[in-house]
*Asks:* 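My questions will all concern the structure given below.
Worth saying up front: this structure is predicted, and the values here are computed from it rather than measured. To find a chain, count down the sequence lines: A is the first, B the second, and so on, and within it residues start at 1. Worth knowing before you read on, the calculation uses all heavy atoms, side chains too, and leaves out hydrogens, waters and symmetry mates.
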Protein chains: 2
Amino acid sequence: MANTEQLIMQRLGETGIRYSAGRKALIRALSKADGPRSAAELYEDLGRTIPLSSLYRSLAILDKTEVLSPHHGVKGVTRYELAEWLTGHHHHLVCISCGTVDDITPPPDLEADLESVVKSLTSSGRFFPRGHALEIEGICSECA
Amino acid sequence: MANTEQLIMQRLGETGIRYSAGRKALIRALSKADGPRSAAELYEDLGRTIPLSSLYRSLAILDKTEVLSPHHGVKGVTRYELAEWLTGHHHHLVCISCGTVDDITPPPDLEADLESVVKSLTSSGRFFPRGHALEIEGICSECA
DNA sequence: TTCCTTGCAAACGATTTGCATTGGA
DNA sequence: TCCAATGCAAATCGTTTGCAAGGAA
């Protein structure tokens, strides 16, 4: 999706945030990944060319501007992925052994079921839903 | 549930783990809570009578024996709740602002839908599911 | 006596921040 | 020029661990 970067540049331009070379590399690494990535993982993905502190800062900024969304997984590490308005809605397979997260896309009719589940669960009026996440926890093929 | 403690004592007894006064207090605090609690929150709940290190150790042991199950939420903190074989299956409302987590129990027919979603998503054979978690993310009434 | 548990302090790992420097519009 | 971005090091925060003392079986 060459278009994804266009959308990101546009979003960032609106708020005076620069789409620097480092951030471009970060975004491309995330685009290639098949699931959310932590700062440490991105550090390796990028050949340790960008210091961790810069990665953390960029991740925080891109999170705040909703270009990325965080995923809080096993072992207290935060992983980030492109926000759903860029990638489309999806869910996660989470390995409870190594913490790896893979994306999965549910068939549309099943997703409709999920939506109705969410709606019926939040009809109390005491909670204002922004989204939902179906996390399927188990053991990945690497750890099995 | 006076019966819950019986079940826990029995489970611990099988593995030479003691149900000490501190752990009893911890379990009772979790029983009263309406959602998963972090070590720091339990520390406060218990009037700071049990040091954090003891709480962390007990939480780790009770996790390993599957009396508790962990929830990895906002801000990289781990919260624990009684395992589902003690409390029944349920899901979570997660406040993306303050990190608070509340339990919700889905109507049985909707839960059946969820089960079928999970089954259809994991039919690839490359992932071995242990459970699922539907996290509904949004803003709680406190933060709204 | 034999282990498990507890407390305190030190150690750790992930993440954040202060500060001086660099770089782009 | 002006402000955002970067790099390094130090600081924070949640969590873990070493070790010696306390307690239950």
*Asks:* Atom CG of B/L26 and atom C1' of C/dT5: how far apart are they, to the nearest Å?
*Replies:*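 Interatomic distance, CG of B/L26 to C1' of C/dT5: 13 Å.
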*Asks:* Name the nucleic acid region contacted by A/R23, choosing base, sugar-phosphate or nothing; use a 4.0 angstrom heavy-atom cut-off, strictly under.
*Replies:*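 Answer is sugar-phosphate: A/R23 comes under 4.0 Å of backbone atoms only.
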*Asks:* Would you say CD of B/E14 has more than 12 non-hydrogen atoms from neighbouring residues, nucleotides or ligands within 6.0 angstrom?
*Replies:*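 More than 12 within 6.0 Å, yes.
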*Asks:* Of A/G16 and A/R57, whose nearest nucleotide on DNA chain D comes first from the 5' end?
*Replies:*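 Whichever sits nearer the 5' end wins; that is A/G16.
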*Asks:* Assess whether a salt bridge exists between B/E41 and B/R79, defined as any Lys/Arg side-chain N lying under 4.0 Å from an Asp/Glu carboxylate O.
*Replies:*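 Salt bridge flag = yes for B/R79 with B/E41.
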*Asks:* Choose from D/dT6, C/dT5, C/dG7 the nucleotide whose nearest atom is closest to any side-chain atom of A/S54.
*Replies:*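 Per side-chain heavy atoms of A/S54, the pick is D/dT6.
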*Asks:* Between atom CD1 in B/I61 and atom P in D/dT15, what is the gap in whole Å?
*Replies:*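 Value for this atom pair: 17 Å.
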*Asks:* Would you kindly give the CD-to-C1' distance between A/E14 and C/dA25, to the nearest whole Å?
*Replies:*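 Nearest whole value for this atom pair: 18 Å.
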*Asks:* Any side-chain N or O of B/S58 under 4.0 Å from OP1/OP2 of C/dT6?
*Replies:*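 Looking at the OP1 and OP2 atoms of C/dT6, one of them is under 4.0 Å from a side-chain N or O of B/S58.
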*Asks:* Roughly, in whole Å, what's the span from CG in A/L55 to P in D/dC8?
*Replies:*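 Rounding to the nearest Å, CG of A/L55 and P of D/dC8 are 12 Å apart.
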*Asks:* Can you find a donor-acceptor N/O pair under 3.5 angstrom joining the side chain of B/R79 to the base of D/dG14?
*Replies:*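 Between D/dG14 and B/R79, which were checked side chain against base, a qualifying N/O pair under 3.5 Å is absent.
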*Asks:* Take atom CD1 of B/I17 and atom P of C/dT2, then tell me their distance rounded to the nearest Å.
*Replies:*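 These atoms are roughly 22 Å apart.
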*Asks:* Is it true that A/E44 and A/R48 have a side-chain N and a carboxylate O under 4.0 angstrom from each other?
*Replies:*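 Yes.
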*Asks:* Categorize A/S38 for me: base, sugar-phosphate, or nothing, with a 4.0 angstrom heavy-atom threshold over every strand shown.
*Replies:*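 Since no nucleic acid heavy atom lies under 4.0 Å of A/S38, the category is nothing.
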*Asks:* Using a strict threshold of under 4.0 Å (side-chain N to carboxylate O), is an ion pair present between B/E81 and B/R37?
*Replies:*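 Salt bridge: no.
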*Asks:* Respond yes when some side-chain nitrogen or oxygen of B/Y56 is under 4.0 Å from OP1 or OP2 of D/dT15, and no when none is.
*Replies:*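 Answer yes for this pair, as a side-chain N or O of B/Y56 is under 4.0 Å from OP1 or OP2.
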*Asks:* For B/S53, which contact category applies under a 4.0 Å heavy-atom criterion: base, sugar-phosphate, or nothing?
*Replies:*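 The answer is base, as B/S53 lies within the cut-off (heavy atoms under 4.0 Å) of a base atom.
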*Asks:* Heavy atoms under 4.0 Å, any strand shown: does A/L52 hit a base, just sugar-phosphate, or nothing?
*Replies:*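 The residue A/L52 makes no contact with any strand.
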*Asks:* With a 4.0 Å limit, can you tell me whether A/S20 has a side-chain N or O closer than that to the phosphate oxygens OP1/OP2 of D/dA4?
*Replies:*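 False: A/S20 side-chain N/O out of range (4.0 Å or more) of D/dA4 OP1/OP2.
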*Asks:* Can you check the A/R18 CZ to C/dA25 C1' distance for me, whole Å?
*Replies:*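 For the pair A/R18 CZ and C/dA25 C1', the rounded distance is 7 Å.
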*Asks:* In whole angstrom, give the distance that lies between atom CG of B/L59 and atom P of C/dT5.
*Replies:*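 Checked: the CG to P distance equals 14 Å.
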*Asks:* Counting only side-chain nitrogens and oxygens, does B/T78 get under 4.0 Å of the OP1 or OP2 atom of D/dT15?
*Replies:*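 Result: yes.
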*Asks:* Rounded to whole Å, please give me the gap between CD1 in A/I50 and P in D/dT6.
*Replies:*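 My rounded result for the distance is 8 Å.
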*Asks:* Quick check on DNA chain C: between B/T49 and A/A40, whose nearest nucleotide comes earlier from the 5' end?
*Replies:*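 The 5'-side residue here is B/T49.
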*Asks:* Rounded at 0.5 Å granularity, tell me how far CZ in B/R23 sits from CG in B/L30.
*Replies:*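 Those atoms lie 13.5 Å apart.
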